Structure formats: C-alpha cells, structure tokens
Number of protein chains: 2
Amino acid sequence: MAVTLADVAQAVGMSASTVSRALSGTEKVNEATRQRIHKVAREMGYEPNQVARSLTSGRSDILGLIVPDIANPFFPPIIKAVQSRAASRGKTVLIADVDEHPADEIKRARIMRKRVDGLIVVSPRTPTEQMSQLVDLQPIVFVNREVPGATSVLVDASEGIQEAVEHLASLGHTRIGYLNGPRRSWSNTQRRTAVHAACAQLGIELVELGPFEPQIQAGVRAADLVHSKDLTAVIAYDDLIALGLMARMTERGVKVGPDISVIGIDDSPMSGMAYPTLTSIHVPGARSGMTAVDLVLDLAENQGEPSEPQMVQLETRLIIRGSTAPARVR
Amino acid sequence: MAVTLADVAQAVGMSASTVSRALSGTEKVNEATRQRIHKVAREMGYEPNQVARSLTSGRSDILGLIVPDIANPFFPPIIKAVQSRAASRGKTVLIADVDEHPADEIKRARIMRKRVDGLIVVSPRTPTEQMSQLVDLQPIVFVNREVPGATSVLVDASEGIQEAVEHLASLGHTRIGYLNGPRRSWSNTQRRTAVHAACAQLGIELVELGPFEPQIQAGVRAADLVHSKDLTAVIAYDDLIALGLMARMTERGVKVGPDISVIGIDDSPMSGMAYPTLTSIHVPGARSGMTAVDLVLDLAENQGEPSEPQMVQLETRLIIRGSTAPARVR
DNA sequence: CTATGCAATGCAAGCGCTTGCGGCAACCTT
DNA sequence: AAGGTTGCCGCAAGCGCTTGCATTGCATAG
C-alpha cells in the first residue's frame, strides 16, 4: 500500500491537517515544521492520492481536450501546445479523440466534465445546436468555432483566404475551385464564405466541389473531379484534402504548380514536405491551443463571478510554396 | 449540484447501498426494484461521480498511454487503436506525450499510475535501465520494446528488414546506408542489428550514418550527408527521416527512385502520399495497440495471481512503393 | 409449529484527503 | 495586568461512493 497522509502525519507526530496544509502550501504553517514535514514526506516517498484529493477539493487538475481526429496532422501541434501550456500551469490533459463523430462529442464531453476542471473543445464539425448543449458544462472553451454565449478562440480565415485568392488572381487564374469540407462544419462555412467574398471582389469565377472528408483519401477522390472540371487552381478545405489531391494529380502525370495550382488550409507540418511543397494558409494552431488553456483556466478560477464570454480572434496568412504557379495559357 | 446516489436513493425510498448495487449491476438485487431504480435514476439524470467511485473501489476505468510524440504520424494510429479497444472494454484513455524526453517518461508514468488502472508505454527511446524502474508499476505493458520481467508487445523488425535488404540487393544495390535513429533507442538497436545481419548475409556493404532524431527536419539534414557519401540506397530508422530526406533530395534535383532508393520504417499514413511514394516496412501499429490493451486489462483483472510476463511478437513486412528502383549504373 | 436457509436490503465504516472552526499558547496593547 | 491579537495547529465533518456484515422476511424443511 502506498503511504498516506496519515502515515506521514504519524511519522512527524502531527495531525493530518497540518501535513496537508504544509504540503499543499496554501495555508500558514510554521516554516520549521513545514520543512520537517516536507523532508519526512520525501523520505517516506509520499505522493498524494490525486483521486482522494479531487473528491474533497472538487479539483482534479486535469483539463479535458476534445479533438476530432488525432491523425489529422493539424491537431497534434494544438495538442502539444495545450499540454505544455497546461503543464506549466500544473495541469494534466485528458484527450478524447472523437473520430470525427459528432454524436460522440456531446457524450464524451458530458462524461469527461466530471473528472476535469475545464474543457477545451476543438471541433469545427459538430452542428452548432448540439454544441450549445455543452455551454453549461462550464468552464468550457471552444476552439475554432463560435458558439453563442460561450468563450472561444476563433481563427479568422478570411484574411488568409483573401490573400490566397489575390495570389491566384495575380498569377492569372480567373476560375478557381473550392473543395468543401464536411457539409455541416462550422469552419467550412466560414472558409467557404470567405472564398466567395474574395472571388466576388476580385471578379473571379468560383466553382464549388464536395463536400469532402478532411482526409487524404478524400483528396485523392477530389482530384479526378477537379480534373474533369478543367480548373487551373483550387483551394481545399484543408491540407489533407490538398495533399491527397496533389498526390493523385502527380500520379496521373498532371504537374502540380505548372498545370494546376493548389492551396491548402492549416499549414500543417506536412505541407512543407510534400512535393511540390504546398502553398497553404497558416492557421495558428499552437497559439490557439495555448490561448484556450489560458481562457479555460481563467474561467475555472473565477467560477463564481459570471464573466461574460470572451472571444479571441487569431489571424491567418498565406504561406506561398511550390504548389502555386502562373496559370497555363491555353 | 449534480444528483448523487443518495438523492436517487431517497427518491426511490431505498438505501444508497441498494441503489449502488442496482446500478453497478454486480450484486443481487430484485429485478423489479432494479428496474425501478434504473428508471428513476435516468429520469433524475443521475450520473455516477467517477472520482468518488474510484476512491472507494480503487478502479478508475482509465488506462494510461505514454507515447513519445503525437506529432509523429506513426503514433496516432496506435493511439486510436488503443482508444477504441479500450472503449469497447469500458475504459477511457489518458494520453501523455512525453515529447521524446525520456526523463519525463518515468515521472509521468509514476504520477499517472495513481489515476489509472493500467499503463501502456510506447517508448522505443528511453534506456532500458530506466524502463526497468517502471516494471513495478503493475499492471503495465510495454509496446515495441523489451523490458526484462515485464509483459510487452514486440514488433520484430528483422523480417521486414531482411525483405528490404533483399529487395535492394535484387535491384542491384551493393552498398547501402542505414540512417540511425536516436542513439540509446531500443528499437534503433534492434533495427540496426537486423540491417547488419541482413547485409552480412547478402554480402552488401553497409554504411552507417546518424544518429538522427525521428523528425522530418533530421531527415533533411541526413540528405546532404547521404549525398556526400555517394550511396545508391538507404534505409532510414523511420518514415519521418526518410520523408525529410526525400524532400531534400528532390529539392536538390536528385531523383528519388532512379538516382537513389530510400526505404522507411513504420509505413505511416504519409508514406503513400509522398512523391514518390515511399517504400516502407510496415509495422502493425494498430494491432500492437489493441494487443497492448488486451494484455494490460488481463493483467489488471488478475492482479492477485502473479502471472508470468507475456511477450507477444508481431511481424513486419516490406511494402514496395515508388522510392526504390534499380541501382543506377555508373 | 419451530428451526434453517436464502434472497433482498439496510447499516455503517471507511477510501485519503481538504477545510471551516475553534483552541491555545505567546505576544501585544494600553 | 487584563483583554485582544496573532500564528500554529488539531478536531471533526464531510466529498460520493462501495462493500462486508447484519438484518429482515419468507419459503422450505424437519
């Protein structure tokens, strides 16, 4: 059996309460006794039982993080950022991968909520109505989507997309495609709207395709569709779709760059490694993860005072690489 | 406040013990009352407080999973497999990403151990002596590394590597490079040894390079080194290194395939998407994850009876894609 | 009709920790 | 010198749940 608080208390000849206070450090304890307690505790190899601790204190020092798909390279950086930020604030992170399955999301969130001090939900996908069910699971913050009445950290795709369309326009493209992400996805709606706006403003013809799942395979399928539409440039909902598309194009002997320009969104680590390298709209995943941690911990600390929901906006920008080139003259 | 067991008990007019038994289902309760209790509990929206439950029962229904780096595409499939297998057995998974930092691994494991029913450690990297410290954190199972006295699921690289070297030999390569992974990594040692053995057997000259971190950037650095050694074929410690190397080679105008053959290890999802597609040794990540869950749960269930450590071996095989081709005649 | 067994349920003791409240010295006040 | 502070610390009451044991009622056996 592990050594308990009581064991330490007995060894030092003090009450458990004092030992508890000495170790958790919040309350006043004589400096000398504190040191003695710490020493003995260390010698005995005492480690507080977190479960018992959270039962009484109500805190667990765990943060819940819900992501749609760990395998999507866009998420690991977010996860890492959340973990390291959380760690520096003394928290651990419980990750749930909901496998792009919205229904799970709600359920998992409810279950998780009991063991964690706060929830961070990164889910561009689940419909807003369902998300709203989660708002009362305070403290909770949403990343990359807007939920009425909840604090969230948003990524504003419009700037990057504006830049992307301008980039294509300046390369002489006059007719571009947009490969939709999942139909009911909030971020797809956002991105799609931004593409529309930018095209309208620059007088570019827009062809919509999809929806596609944010997976490489979907991009592979998209490729053939794109080819049949005779487009010279496309913007994909995310890098994965773009990457799959590029792979398939290359396989079919279509040269990405010279023959067709493709732009991804997310700027995931892979985009610099593909061939050709993928021009992509950088989404500050790590920053949004860190921000989310800060927000959720703020909420957790001020549980009582009902602060009004904050909304932090982060910006995007275009990273030009090798997958975009002047439109071929026909 | 959430509804507690006592609330439900009061509503049904029974004692908390009965309600507890009715809901957890393990003990005998009259069928009629059980149904009534279930009904009321559902109506009241009762959800057991997991924290309290685990304090008394000692179980948490959480499995701990320690991985070196979520961002390495080799791991997400493992994680997903572990999660889904665990879910089907009624467990949740607590993931810790130790950022390739061995020292953390030990610490994290110890801390985690208190809140989880069992530990799965996937860490090809940490030195064996340190790993051994973890053996007493039963139930624990190690993936992809052998630790004396502990149950583990091993991936036997030798077959796949043998196939790989044979493949290269048959393509006419007579001098190949091996790009070492991290120096003290168990799996690197294993792979390296296998490469040596295969080369010796087939009379192929072997040049070792590295060590390199299992990251794309390291592969990029490796590329220039490889180039200067005038090799016609290399086997990399993992896909990431291989991918980085290919990207850099391509950038320098060296044609991967015709000019230099490269083989990765892991067969991560990216390998089919690179250009050219990467010939790689398939490592059954998902299977090993599932197996690990089964093993650790078995251990957990038979905590008392000291069963002797099992060792499950999984096999690897070569997946030939576009990055390998006949040696250029010079 | 009383003894016995069994199924169904209640009692109560924790699990290991936190925390409000109060005790009690030792120290200040005026 | 008596009342008031202050700083440390102990008491004890839980947190919500599980579980060994006792209790009850009733059917069955003797």
Side-chain angles (χ1 to χ4, degrees), chain A residues 1-38 40-41 44-62 90 110-111 113-117 300 303-304, chain B residues 1-38 40-41 44-62 90 110-111 113-117 300 303-304:
Chain A
M1 215 52 225
V3 308
T4 77
L5 197 59
D7 297 337
V8 178
Q10 193 180 9
V12 202
M14 312 215 94
S15 79
S17 359
T18 307
V19 177
S20 167
R21 285 190 262 255
L23 293 176
S24 48
T26 73
E27 302 217 19
K28 49 194 67 173
V29 173
N30 183 295
E31 188 52 31
T33 44
R34 150 164 319 183
Q35 298 201 356
R36 193 153 51 93
I37 290 175
H38 267 99
V40 174
M44 298 180 67
Y46 169 74
E47 297 210 21
N49 180 324
Q50 296 297 341
V51 175
R53 171 176 293 194
S54 46
L55 182 57
T56 42
S57 67
R59 284 173 284 105
S60 63
D61 290 333
I62 301 186
R110 303 208 94 89
I111 296 175
R113 184 60 194 83
K114 321 221 103 175
R115 345 176 82 118
V116 302
D117 292 350
Q303 268 291 44
Chain B
M1 215 51 224
V3 308
T4 77
L5 197 59
D7 297 336
V8 178
Q10 193 180 7
V12 203
M14 313 214 95
S15 78
S17 1
T18 307
V19 177
S20 168
R21 285 191 262 257
L23 293 176
S24 48
T26 75
E27 301 217 22
K28 49 195 68 171
V29 173
N30 183 295
E31 187 51 32
T33 45
R34 152 165 314 183
Q35 298 203 354
R36 194 153 51 93
I37 289 175
H38 268 99
V40 175
M44 298 180 67
Y46 169 75
E47 297 210 19
N49 180 323
Q50 297 296 343
V51 175
R53 171 177 296 199
S54 48
L55 180 57
T56 42
S57 67
R59 284 173 284 108
S60 64
D61 290 334
I62 300 186
R110 303 208 95 87
I111 295 176
R113 184 60 194 84
K114 323 222 102 177
R115 346 176 79 119
V116 302
D117 292 350
Q303 268 290 47

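So that the names make sense, note that chain A is the first sequence line, chain B the second, and so on, each numbered from 1. Since the model is a prediction, treat every value here as computed from it, not as a measurement. Values below: all heavy atoms of this structure, side chains included; hydrogens, waters and symmetry mates excluded.
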Once you round it to whole Å, what is the distance between [atom2] of [N] and [atom1] of [X]?
| X | N | atom1 | atom2 | answer |
| --- | --- | --- | --- | --- |
| A:L55 | C:dT19 | CG | P | 12 Å |
| A:L23 | C:dT18 | CG | P | 8 Å |
| A:L5 | C:dG14 | CG | P | 18 Å |
| A:D61 | C:dT18 | CG | P | 11 Å |
| B:N49 | D:dG16 | CG | C1' | 6 Å |
| B:Q10 | D:dG16 | CD | P | 14 Å |

> In Å and rounded to the nearest 0.5 Å, what is the CZ to OG1 distance from A:R21 to A:T33?
Replying inline: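 Spacing of CZ (A:R21) from OG1 (A:T33) equals 11.5 Å.
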> Atom CG of A:D7 and atom CE of A:M44: how far apart are they, to the nearest 0.5 Å?
Replying inline: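 The CE atom of A:M44 is 5.0 Å from CG of A:D7, to the nearest 0.5 Å.
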> Are A:I62 and A:D117 close enough that some pair of their side-chain heavy atoms sits under 4.5 Å apart?
Replying inline: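 No, side chains not in contact.
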>> Any heavy-atom pair between the side chains of B:Y46 and B:V19 that's under 4.5 Å?
In response: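 Side chain of B:V19 against side chain of B:Y46, heavy atoms only: no contact under 4.5 Å found.
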>> To the nearest 10°, give me the bend of the helix from C:dC1-D:dG30 to C:dT30-D:dA1, comparing the axes of its five terminal pairs at either end.
In response: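 Computed from the C1' atoms at both ends, the axes differ by 50°.
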> Considering all heavy atoms of both residues, which atom of B:D61 and which atom of B:G90 are nearest to each other, and what is their separation?
Replying inline: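 Shortest heavy-atom contact: CB-O, 3.9 Å.
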> Considering all heavy atoms of both residues, which atom of A:A22 and which atom of A:I37 are nearest to each other, and what is their separation?
Replying inline: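 Taking every non-hydrogen atom into account, CB-CD1, 3.6 Å.
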Those residues that, when tested against [X], pass side-chain hydrogen bond (donor to acceptor under 3.5 Å, both in side chains) (two or more places apart):
| X | result |
| --- | --- |
| A:S54 | none |
| A:Q35 | A:E31 |
| A:S15 | A:S17, A:T18 |

Kindly give the atom pairs (protein nitrogen or oxygen, nucleotide nitrogen or oxygen) under 3.5 Å for nucleotides 23-26 of chain C.
none

> Among D:dC15, C:dC17, D:dT18, which nucleotide sits nearest the side chain of B:R53?
Replying inline: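 The answer is D:dT18, which lies nearest to the side chain.
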>> Applying side chain to side chain contact (heavy atoms under 4.5 Å, CB included), can you list everything that pairs with B:S20, at least two apart in sequence or on another chain?
In response: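 Applying side chain to side chain contact (heavy atoms under 4.5 Å, CB included) to B:S20 gives B:L5, B:S24.
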>> Taking side chain to side chain contact (heavy atoms under 4.5 Å, CB included) as the definition, give me every residue that meets it alongside B:A6, ordered by chain and number, with sequence neighbours left out.
In response: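 Applying side chain to side chain contact (heavy atoms under 4.5 Å, CB included) to B:A6 gives B:T4.
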Please tabulate, one pair per line, each protein N/O and nucleotide N/O from nucleotides 8-12 of chain C that are separated by under 3.5 Å, including the distance.
unit_1, atom_1, unit_2, atom_2, d
C:dT9, OP2, B:N30, N, 2.9
C:dT9, OP2, B:T33, OG1, 3.1
C:dG10, OP2, B:S15, N, 2.9
C:dG10, OP2, B:S15, OG, 3.0
C:dG10, OP2, B:T18, OG1, 2.5
C:dG10, N7, B:R21, NH2, 3.2
C:dG10, O6, B:R21, NH2, 2.7
C:dC11, N4, B:S17, OG, 2.8

